[in-house]
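The structure under discussion appears below in the form of structure tokens.
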Amino acid sequence: MTSSSSDLPIYAERRARLASQLGKDGIAIVPTAPERQRNRDSDFLFRHDSYFYYLTGFTEPNAWLVLAGDGRSTLFCAPKDLEREIWDGYRLGPEAAPAALGVHEAFSVAELDAKLPKLLENRSTVWYPFATHKGLETRVDGWLQAVRARVRYGALCPEEQHDLCGPLDEMRLVKDAHEQDIMRRAAQISARAHVRAMQLSARMLREGKEVREYHLDAELLHEFRLGGSQYPAYGSIVAAGANACVLHYRADAAPVRSGELVLIDAGCELDGYASDITRTFPANGSFTGPQRALYDLVLASQDASAAATKAGNRFNDPHDAAVRVLSQGMLDLGLLDANKVGSVDDVIEQRAYFQFYMHRTGHWLGMDVHDCGSYVEPTQVGEVSERKDPLSNEIIKNRPSRILQPGMVLTLEPGIYVRPGDGVPERFHDIGIRIEDDAIVTDTGCELISRGVPVKADEIEALMRD
Ligand code: GLY
Ligand code: MN
Ligand code: MN
């Protein structure tokens, strides 16, 4: 799925924008991901490195981009090799790469060690992504040593090394129109997959069939691939009944029982971009009273988080809004005892809600499901305050959270997870609910791009009746 030629200007513009941040005598080295062995001679399905893809649109393994501060781009890629191509498939090859990818020049990856010292010579600064590729620092050291071996002939060796993740993360954090379009389409495919899984669950139970978590997972995978997605963006969670209270549960083989809820957290990756949707629904299509009470509470908290998502607000605002609604609801429904924990402000201050809501309300979404980008406002990194965490007594250093800008994409995913415990009303035991949508920040609010799957309890029930 190497990008089409009409996308070439997008990658060229990104390279130019990055080059302008490297300094005139700077140079950047960006490898794609390594191939990884699964067992013996089988590899895991290859997935390109997100930074590399962002700058090239190229999905083959065994490739490197070198970008100089003057904008000159050099690609290293697997050479044409008929025998290997018979076994492993088509390779673009360095001869075709400049025209296909818009880079200035391309060489076989076999020439990387010979060419890199030459490219680094007489540069002041080398940029590469820190702590992302095992062994990359060692490779850079080797190339720099080769440059040093030539200094007595008058060559200069770069004296500075910088983390390329910094500028690239900032660029990737704000999605351009091309990226937003792919993310909308990814979310639409994932939404259809959720609809399909919900409907299969109700239909099989109506027909008296045994339903397992993997039956619903199969529906997700089917719809992802039917929509043209390459693979799931992360390991799908299909959690029946009490399994929903395990935050990182994976789709497994547990029975899906009538009367229980199913939590599905699954999203496809389309052309390098993730979607990330969670829906929680009654296996047989009808919520019980206690399930519905908790469901409506989580949905109200998500509504509050969506209302707090707009340009100019901070990344933490949707979380704080969701926590307030959830905390009040926990008091109203008797999950928390006001005689013990006090008012809603006390619940928030003391983090008493944490017993039932122990994760944050969202994260950046993009090429990676937990996408890159600083959660701290870059203009305010020096403004540090301290607070003592009421649960751990740890001193936490806070910095002002990121100011949202149009084009940033984040998830809104509040939840409630009720494990049996002292004083926890039995009617809520083992209910786990999360509702997750994907939001593009706009000037005036946010666009929820994953609402192709209904979210209101009545609409879910109607969908599951059909
Ligand atoms: N599916 C991963 C997450 O929701 O963060
Ligand atoms: Mn998520
Ligand atoms: Mn998720």
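Each ligand, and each atom within it, is numbered from 1 in the order the structure gives. Please read all numbers here as calculations on a predicted model, not as lab measurements.
The protein non-hydrogen atom at the shortest distance from atom 5 (O) of ligand 1 is H370 NE2, 2.6 Å.
Residue-level check: among N/O/S atoms of E413, OE2 sits closest to the Mn ion (ligand 2).
Short contacts between ligand 1 and Y234, defined as distances under 4.0 Å to a heavy atom of the residue, involve ligand atoms 1 (N). Every atom of ligand 1 is numbered from 1 in the order shown, and the set under 4.0 Å from a heavy atom of E436 is 4 (O).
Side-chain N/O atoms of Y417 and R434 include a donor and acceptor closer than 3.5 Å. For N398 and E383, the side-chain atoms include no donor-acceptor pair closer than 3.5 Å.
With respect to H162, the ring-ring contact (aromatic ring centres under 6.0 Å, His included) criterion is satisfied by exactly one of Y128, F130, W127: W127.
Residue E436 counts as close to the Mn ion (ligand 3), with an N, O or S atom under 2.8 Å.
The angle that H363 NE2 and D276 OD2 make at the Mn ion (ligand 2), rounded to 10°, works out to 90°.
Using cut-offs of 30° and 60° on the angle between ring planes, the pair F315 and W364 is tilted.
Annotation: R434 places no N or O atom under 3.5 Å from an N or O atom of ligand 1; distance criterion only.
For CZ of R36, the number of neighbouring non-hydrogen atoms (other residues, nucleotides, ligands) closer than 6.0 Å is 12 at most.
Between D430 and P420 the shortest heavy-atom distance is OD1-CD, 3.4 Å.
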